[in-house]
Every structure is written in structure tokens, then in C-alpha cells.
A.B. asks: 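One structure, as C-alpha cells, below. Some questions next.
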2 protein chains.
Amino acid sequence: MNEKEQKILDTSLVLFVEKGFHGTSTAEIAKTAGVATGTLFHYFKTKEELIDRLYIYTKENILEEVEGDYDNNKALKDNVKSLWLKFVCLGLKEPYKFNFIMTFHCSPYITSFTKGRIEDKFVELLKVYKKGFNDNQIKEMYDELLMDCFWGNILNTIMHFEKNPEKMNNKNIDLSFELFWDGISR
Amino acid sequence: MNEKEQKILDTSLVLFVEKGFHGTSTAEIAKTAGVATGTLFHYFKTKEELIDRLYIYTKENILEEVEGDYDNNKALKDNVKSLWLKFVCLGLKEPYKFNFIMTFHCSPYITSFTKGRIEDKFVELLKVYKKGFNDNQIKEMYDELLMDCFWGNILNTIMHFEKNPEKMNNKNIDLSFELFWDGISR
DNA sequence: TACTAAATCGACTAATCAGTCTAATGAATT
DNA sequence: AATTCATTAGACTGATTAGTCGATTTAGTA
């Protein structure tokens, strides 16, 4: 990807999170990224295309870094914790990326086509864990609830330690996972 | 409160949730509410004052409806569930109000003075439950984590059933609470 | 070197924005 | 009837917005 195009995306991520979609003007994005407005519109036909591509770019980026590493020799709990931890650590390392996805996940600016394209990859990542879930180690519940529980707890944990950085240590992160695990396990 | 003033607040709530603060023009608010822009600015000096007062109005409204009813004769779990259920039911009944508070809670448009004024009332509501939490029925953890866990689970539950209305029944709502309770209890 | 196409620029535009201003109401009091 | 003042209206304004356009530079190729 082109260097200026990249710079525009990186700049937009920060500004959209800090000031919202409509709160950030294309002029400000261009200026902060160090390019002319003409250049911005050369790479992104409209402001909507910009946020749409930023959404894809950011979410793919997150999913790439959090590749699954399911290990059949380990207990289900350990496998789930390993994945949970990867998400949480990434969220704490890259708060803007996570914040952006959270904020704009339900937003009308992101086309539903884009949302669906990305959702599929996430389902794929979790498929391997589903086998483990089906052998009675966890409570009986439908997939969507389990998924929202998992994802909700991750986002909640990230937000909590973002808000209380002085509380962030291994003990409390482990405790946060137990809060999730003891909830879903039988 | 004046009828037109009320109408402006009600309209703003919906539009701000659907289109964001900057995404909604004062002209659109006025038009949708059926008043002139002059009238809007008569009651609210600026657009910022409008959202600030809308925030107070909405959150006070929520807290009023969810009055605590701690009962010393009941088990802690039942007391917590009763409060949890009140929040969840209200959130499902008034999704816009909850969505608004969620979206704008971290927003720079709401003055920190306003945020603090409201936060205090929430702490007050939960004070009576803290006594129960301290007698070893739940895991050892600090207040902020417990609070975020409680609140996070409520928001997660509301969002889940908003997204999957066909799954909303007493069995699944009870299950959602168990997911929270079994997580925090010893 | 000469040609071509993509990249880059920033002045420009039509539309829209938050907020103002003046005038016209309506209700209450004297 | 005359006076007063809060309420309501919508045309208006200066500033800002997303997006355009034609000129210039850069990079690649023959």
C-alpha cells in the first residue's frame, strides 16, 4: 500500500475515534496526514469510502494478529484463555483500533457488505473451538449468546484496564478471565 | 417542562443515537420536532447545551425508574438479580435511552461536571449492595472491577437481545444472569 | 530524450452548518 | 384598552463542509 494512503488511514483512525465521523473534516485529516485534500480524494472517492476501507483494514489487522492456535493436547479452558488473552493484550496495546471497531461496528457509515465480509472471518476463527464447547464442559446455550458473552467480556476487560491502568497486572487479568470462565462453565 | 422543550429533547435523543452529534443538524432536530430553529435556540443556548441537558434528563430518567429495593430478608443473589433485571428490562424497553448513555458517556460533548453529578447518584444506589458483597459470597475483587463487570454484563445482555429478539424469553434472560452470577460468586 | 499515466497539490465551489435577529404572536396584568 | 414580557417563527449570515478541477510534478518505459 502507498505511503500516503497508509498515512491517511492511520490519521483517520485516531481522529475518528477522538472526534467522531462527522466531527472530523476531510480537510483536517489531510492536513494532519500531511497531504493535500486532492490527494485524499484521489485515494478515497468519498469520506464514506474512507471509513469503510478503514474498517476493513483495522479489523483484518486485528484478526491477523490474533491467529488461532488451538492445541488438542491442552484443556479447553487453556485454549480459550490463550485466545481470550491474545485479544485482550492486543486491545490494550492498540486501544485506538479496538475503540474504532467498537464505536463504528453499529454505525450506518460502514456498509453492511463490509460488516458481513469481516464477520465471516471471525466465525471461521472460532469454529475450531466449537468442538470443545460441545462436550458438556460449559453451560447449555446457543452459539450467539456464547459468542456475545466471549466478545463482551473481552471488550469489557479492555475498557476496564484502559480506565484503571494502575490495576493492570497478571493477577487481575487472570481474575477477569475467571469471571468469564466460571460464568460459562458448568 | 414546556411541551416544545420536551419534544426537542425526545427528538434529539433519537436523532443523536441514529446519526451522531455532528451528524444531526439543529435544523433537522427543529424540523422533526415541529418547531422553528429560533425556538430550539430559545430553550437551549447552544447545541452543546442541548446534548448536555439531554444527558442529565435521560440518565436521571433511567435512575428514577430503576430505584433500588434492597430487601434484607432475601438472599444477596436474589437482591442482585432483582436490580440486574430492572436495568435489563428498562434497557430493552427503552433502547434509545440506553444507547444514548452508552454512546455519549465517553464523549467530549458532555461536560465532566454533568458526568460527575450523575455518577454520584449511581454510586449511591449501589452502596446498599456493597454490604452484601463484603461477606464472602463473591470472589475477592476491588470495587471498580465488580462494578464494570455488573454494568458490562447488563449492557451486553441488552445488546444481545436487541440483536436477537427471537431469543428473548425468561429462560434465556435467567441464563444470562447466571452467566454473570456464577462468574462473580465463589 | 520524449512520451504517458499516475500522483500530488491547493485554490475553488455549492451546499450546509450553528447561531442571530427582527417581527409577530399569545397571555396576563393593570 | 393599553402595557408588558415570554414564546414562536423563519429569513438571514458568516463560517465550515465534502468534494472538484486544472496545473504541476514524479516515475516508468521505449
Side-chain angles (χ1 to χ4, degrees), chain A residues 1-58 100 103-104 106-114, chain B residues 1-58 100 103-104 106-114:
Chain A
M1 193 188 299
N2 181 293
E3 186 204 329
K4 304 222 168 193
E5 196 178 351
Q6 179 81 51
K7 198 77 210 292
I8 291 167
L9 287 175
D10 292 344
T11 306
S12 303
L13 178 75
V14 175
L15 291 177
F16 283 153
V17 168
E18 283 177 358
K19 315 171 83 170
F21 179 62
H22 289 287
T24 309
S25 70
T26 50
E28 187 182 2
I29 296 170
K31 196 182 167 190
T32 310
V35 304
T37 62
T39 307
L40 188 153
F41 283 99
H42 172 74
Y43 287 108
F44 308 92
K45 258 181 284 224
T46 64
K47 197 183 178 185
E48 300 235 341
E49 189 191 311
L50 169 58
I51 200 173
D52 215 59
R53 278 175 48 199
L54 179 58
Y55 186 84
I56 296 176
Y57 170 73
T58 306
F100 175 75
T103 308
F104 291 94
C106 296
S107 126
Y109 318 129
I110 316 288
T111 64
S112 52
F113 173 74
T114 296
Chain B
M1 194 188 302
N2 183 293
E3 187 204 327
K4 304 223 170 192
E5 196 178 351
Q6 179 81 50
K7 197 80 210 294
I8 291 167
L9 286 175
D10 291 344
T11 306
S12 303
L13 177 76
V14 175
L15 292 176
F16 283 152
V17 168
E18 282 176 358
K19 317 170 83 171
F21 179 63
H22 289 286
T24 309
S25 70
T26 50
E28 189 181 1
I29 295 170
K31 196 181 167 191
T32 310
V35 302
T37 62
T39 307
L40 190 152
F41 282 101
H42 172 74
Y43 288 108
F44 307 93
K45 260 184 282 236
T46 64
K47 196 182 178 185
E48 301 235 341
E49 190 192 310
L50 169 58
I51 200 173
D52 215 58
R53 278 177 44 200
L54 179 59
Y55 185 84
I56 295 176
Y57 171 72
T58 306
F100 175 76
T103 308
F104 290 94
C106 297
S107 124
Y109 317 129
I110 317 288
T111 63
S112 51
F113 172 72
T114 296

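Residue numbers start from 1 in every chain, and the chains themselves are labelled A, B, ... in the order their sequence lines are given, proteins ahead of strands.
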A.B. asks: Can you tell me how far CG of B:Leu50 sits from NZ of B:Lys45, rounded to the nearest 0.5 angstrom?
C.D. replies: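 Rounded to the nearest 0.5 Å, the NZ-CG separation comes out at 13.5 Å.
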A.B. asks: Rounded to the nearest 0.5 Å, what's the gap from CD on A:Glu18 to OG1 on A:Thr24? Could you check?
C.D. replies: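 Result: 8.5 Å between the selected atoms.
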A.B. asks: Return the minimal non-hydrogen interatomic distance between B:Ser107 and B:Thr103, and the atom names on each side.
C.D. replies: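 B:Ser107 and B:Thr103 have their closest heavy atoms at CB-O, 4.4 Å.
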A.B. asks: Quick one: what's the B/S/- string for nucleotides 11-23 of chain D, heavy-atom cutoff under 4.0 Å, read 5' to 3'?
C.D. replies: B-----SBBB---
A.B. asks: Is the shortest side-chain heavy-atom distance between B:Lys47 and B:Phe21 below 4.5 Å?
C.D. replies: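 B:Lys47 reaches B:Phe21 side chain to side chain.
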A.B. asks: Below 30° counts as parallel, above 60° as perpendicular, anything between as tilted: where do the rings of B:Phe16 and B:Phe100 land?
C.D. replies: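 Answer is parallel, since the angle falls under 30°.
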A.B. asks: For residues 28-40 of chain A, please give each side-chain donor-acceptor pair under 3.5 Å, one per line with the distance, not counting sequence neighbours.
C.D. replies:
{"unit_1": "A:Glu28", "atom_1": "OE1", "unit_2": "A:Lys19", "atom_2": "NZ", "d": "3.2"}
{"unit_1": "A:Glu28", "atom_1": "OE2", "unit_2": "A:Lys19", "atom_2": "NZ", "d": "2.9"}
{"unit_1": "A:Thr32", "atom_1": "OG1", "unit_2": "A:Glu28", "atom_2": "O", "d": "2.7"}

A.B. asks: Would you check if A:Asp10 and A:Tyr57 make a side-chain contact, meaning some heavy-atom pair closer than 4.5 Å?
C.D. replies: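 Side-chain contact under 4.5 Å: yes.
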A.B. asks: Looking at DNA chain D, which of residues 51-58 of chain A put a heavy atom within less than 4.0 Å of it?
C.D. replies: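 Residues of residues 51-58 of chain A that come under 4.0 Å of DNA chain D do not exist, since none gets that close.
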A.B. asks: Provide the full list of ring pair (Phe, Tyr, Trp, His ring centres under 6.0 Å) pairs with a residue in residues 25-54 of chain A, sequence neighbours left out, each pair given once.
C.D. replies: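 Passing the test, one end in residues 25-54 of chain A: no pairs.
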A.B. asks: In this structure, how many angstroms lie between the P atom of D:dG10 and the CD1 atom of B:Ile29, rounded?
C.D. replies: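 To the nearest whole Å, that distance equals 17 Å.
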A.B. asks: Considering only heavy atoms of chain A and a distance under 4.0 Å, specify the first and last nucleotide of DNA chain C in 5' to 3' order that meet this criterion.
C.D. replies: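 Both ends considered, the range comes out as C:dA7 to C:dA11.
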A.B. asks: When the distance from CG of B:Leu40 to C1' of D:dT7 is rounded to whole Å, what number comes out?
C.D. replies: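 After rounding, the gap between these two atoms is 14 Å.
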A.B. asks: Could you report the tightest heavy-atom contact between A:Leu54 and A:Leu9, atom names first, then the distance?
C.D. replies: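 So the minimum-distance heavy-atom pair works out to CD1-O, 3.5 Å.
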A.B. asks: Under 4.0 angstrom, heavy atoms only, what part of the nucleic acid is B:Phe44 near: base, sugar-phosphate, or nothing?
C.D. replies: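 B:Phe44: no heavy atom of the nucleic acid under 4.0 Å.
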A.B. asks: Examine D:dT7: is either OP1 or OP2 under 4.0 Å from a nitrogen or oxygen in the side chain of B:His42? Give yes or no.
C.D. replies: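 It does, given that an N or O in the side chain of B:His42 lies less than 4.0 Å from OP1 or OP2 of D:dT7.
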A.B. asks: Among residues at least two apart in sequence or on other chains, which ones pass side-chain hydrogen bond (donor to acceptor under 3.5 Å, both in side chains) with A:Thr111?
C.D. replies: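 Residues passing side-chain hydrogen bond (donor to acceptor under 3.5 Å, both in side chains) with A:Thr111: A:Asp52, A:Thr114.
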